[in-house]
Amino acid sequence: MVNFQTSHRPPRPNQVLKRHLKSNSTTKVLLLFRNLLRKGISSIDSFSLLFVIKACTQKSLPIEGKQMHALVVKLGFETNIFLQTSLIDLYSALGDIGDAHHVFDEIPTKNVVCWTALISGFVDNRKPNKALQVFRQMQIGNVEPDQVTLTIALSACIDLGALEMGEWIHTYVNRRKELSKDLCLINALINMYAKCGDIEIARRLFDSTKKKDVTTWTSMIVGHALHGQAEEALGLFAAMKEENKRTRAKKTSYDSWSGLLIVPNDVTFIGVLMACSHAGMVEEGKKHFRSMIEDYGVKPRLSHFGCMVDLLCRSGLLQEAYDLILDMPVQPNAVLWRTLLGACGTRGNIDLAAEARAQILELEGSRVDDNIIMSNIYAAKGMWDEKIDVREKMKQRRAPGCSSIEIGSLINEFVTADDDHPLKREIYEALGYLIETMKAHGYSPGKSSSSLY
DNA sequence: GTAGGGTTAG
């Protein structure tokens, strides 16, 4: 188990734990730790525990993780802030944000890192309101946020469409010069503006950022694509490749430029394909999809196939979309079939619609909007018996729905409610759906929510 | 030697 090749002395056990952790070999971490435990607790210190807790977090192991927490207490490391912080992270990865909060409360002198771990936990557990609440509490407690805290707070702003809070963070970043040097934070700001409805400011920030990485480019490409600005998105993608050409030309040897190139990744191509899809550029989309695989060695994931199916469907190439779904090497999900079903509804293709609906039923059961699409196709084709049949079945299993007025009041409630509000989940889902629908119609959250109702 | 970070189909 222990590798002796690289040194004459056997490596310290903690170094081995750390290495296994880095290479994602959770089982090796746990096995080695068990061996250490058997030798006696004297061979274990706070560093060993830390690495094992991180391994449990990586793989979301509740039983092993809680055993580690027990050991932390038993061995008297309860006040070790590094361990406490990693326990916050562990519980939030397990979905037990209450326990994470509990660990946090026990820390006598909370620093910026443990505050940030808790905020991050609330964001990851889909409680962005609570995350921002803790973010404010932290400032009331006179702990200054750093670049990591602000990056995470910005993702809470995105989840809520909270442009004003995002702007406040931007001002804060501008006031503290050392913060504006952090590219991750700048990327988060660009992303926040793009997602919260101010694509022009996002673009200005992007343009003024001299040193960009692949995420800077990707955030902006995706931002334009989400706003239906296909030309800008594809233009940026071309500009990015152009910049690589210049970098290559400027430097003489491979070594001097290879690390400076911006290599598009799987997410970049999601943006590119989304843009093609919105603009109905079928051939361009296919070209980029091929290039992604052949030139950049990116293996397409379900979401890439989703983009391609969307692209084909929007252009009315339903049969080709269907063939792609059957041919692709990954298992299609209900969302993907629903893309096809929706397009069949618009184009009136009964056979493919029935097939798509059957697949959706198998994957996740009946849903009202799918039935409505089917019912409308039948009605449009004058197939009244079939339409009545679908409608009858819908009556038997009515899914909850709400009117736009109800959604308006839900939004009010959503804005004011605490994350622990019993209706929060429902409100969240309704609002999420609404925002998606509005986005599809070109609306951006955060900009003019008052005009909604 | 130790803790917290970003872009992803509809």
Side-chain angles (χ1 to χ4, degrees), chain A residues 11-15 17-19 21 45-51 53-54 57 77 80-90 92-93 100 103-104 107 110-121 123-124 145-155 158 182-192 194-195 212-223 225-226 264-278 285 298 300-311 313-314 332-343 369 432-433 436-437 439-440:
Chain A
R12 310 267 314 142
N14 283 345
Q15 295 303 325
L17 284 173
K18 193 178 177 183
R19 212 170 54 223
L21 180 69
D45 61 8
S46 67
F47 291 84
S48 345
L49 284 166
L50 184 77
F51 299 138
I53 292 171
K54 285 189 95 169
T57 306
F77 292 119
N80 181 316
I81 197 159
F82 292 88
L83 287 173
Q84 299 304 92
T85 309
S86 65
L87 284 171
I88 293 175
D89 208 29
L90 168 75
S92 100
V103 174
F104 174 83
I107 302 174
K110 301 166 179 70
N111 63 16
V112 60
V113 184
C114 49
W115 277 102
T116 306
L118 185 65
I119 295 168
S120 175
V123 173
D124 292 343
D146 68 5
Q147 68 280 15
V148 183
T149 324
L150 296 170
T151 304
I152 296 165
L154 283 170
S155 59
I158 292 172
D182 190 285
L183 190 52
C184 280
L185 181 52
I186 301 300
N187 291 343
L189 278 169
I190 292 173
N191 196 31
M192 183 278 297
K195 296 270 169 61
K212 305 179 179 78
D213 67 2
V214 62
T215 307
T216 322
W217 287 94
T218 301
S219 299
M220 203 60 233
I221 291 170
V222 171
L226 286 174
N265 60 25
D266 49 344
V267 189
T268 320
F269 279 101
I270 294 276
V272 170
L273 296 175
M274 266 167 61
C276 294
S277 176
H278 288 312
V298 173
R301 286 181 286 114
L302 184 59
S303 46
H304 295 99
F305 286 106
C307 290
M308 290 309 287
V309 168
D310 197 43
L311 174 73
C313 282
R314 281 183 201 235
N333 61 6
V335 175
L336 208 147
W337 283 114
R338 195 167 282 120
T339 305
L340 181 63
L341 177 60
D369 36 354
Y433 179 74
E436 288 310 312
T437 313
K439 271 187 197 160

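Rounded to whole angstrom, the span from the CZ atom of A:Phe305 across to the C1' atom of B:dA9 amounts to 12 Å. If you measure from atom CE of A:Met274 to atom P of B:dT7, you get 14 Å, rounded to the nearest angstrom. The distance between atom NZ of A:Lys18 and atom C1' of B:dT2, rounded to the nearest whole Å, is 8 Å. Rounding to whole angstrom units, CD1 of residue A:Ile221 and P of B:dT8 are separated by 12 Å. One atom, NZ of A:Lys110, and another, P of B:dG4, lie 19 Å apart when rounded to the nearest Å.
Note on A:Val112: a base of the nucleic acid sits closer than 4.0 angstrom, heavy atoms only. Among the atoms of the strands shown, base atoms are found under 4.0 Å from some heavy atom of A:Leu185. Within the 4.0 angstrom heavy-atom criterion, no nucleotide atom of any strand lies near A:Leu87. Counting non-hydrogen atoms under 4.0 angstrom, A:Asn333 reaches a base of the nucleic acid. A:Gln147 comes within 4.0 angstrom of a base, heavy atoms only. Within 4.0 Å of A:Leu154, counting heavy atoms only, lies no atom of the nucleic acid at all. Residue contacts shown for A:Asp146 include a base, since a base heavy atom lies under 4.0 Å away. A:Thr149 comes within contact range of at least one nucleobase, with a heavy-atom separation under 4.0 Å. Base contact: A:Val113 has a heavy atom under 4.0 Å from a base atom. A:Ile53 comes within 4.0 angstrom of nothing in the nucleic acid, heavy atoms only.
The side-chain heavy atoms of A:Ser46 and A:Leu50, taken from C-beta on, include no pair separated by under 4.5 Å.
Side chain of A:Asn111, nearest nucleotide from B:dA3, B:dG1, B:dT8: B:dA3. Candidate nucleotides B:dG4, B:dG5, B:dT8 were compared by shortest atom distance to the side chain of A:Arg301, and B:dT8 ranks first. The side chain of A:Asn14 approaches B:dG1 more closely than any other nucleotide in the set B:dG1, B:dT7, B:dA3.
Applying the side-chain hydrogen bond (donor to acceptor under 3.5 Å, both in side chains) criterion to A:Thr149, with sequence neighbours excluded, gives A:Thr116, A:Asp146. A:Phe51 meets the ring pair (Phe, Tyr, Trp, His ring centres under 6.0 Å) test with no other residue; sequence neighbours excluded.
Between the side chains of A:Thr339 and A:Asp310, no donor N or O sits under 3.5 Å from an acceptor N or O.
Across all their heavy atoms, A:Ile190 and A:Ser219 have their closest contact at CG2-CB, 4.4 Å.
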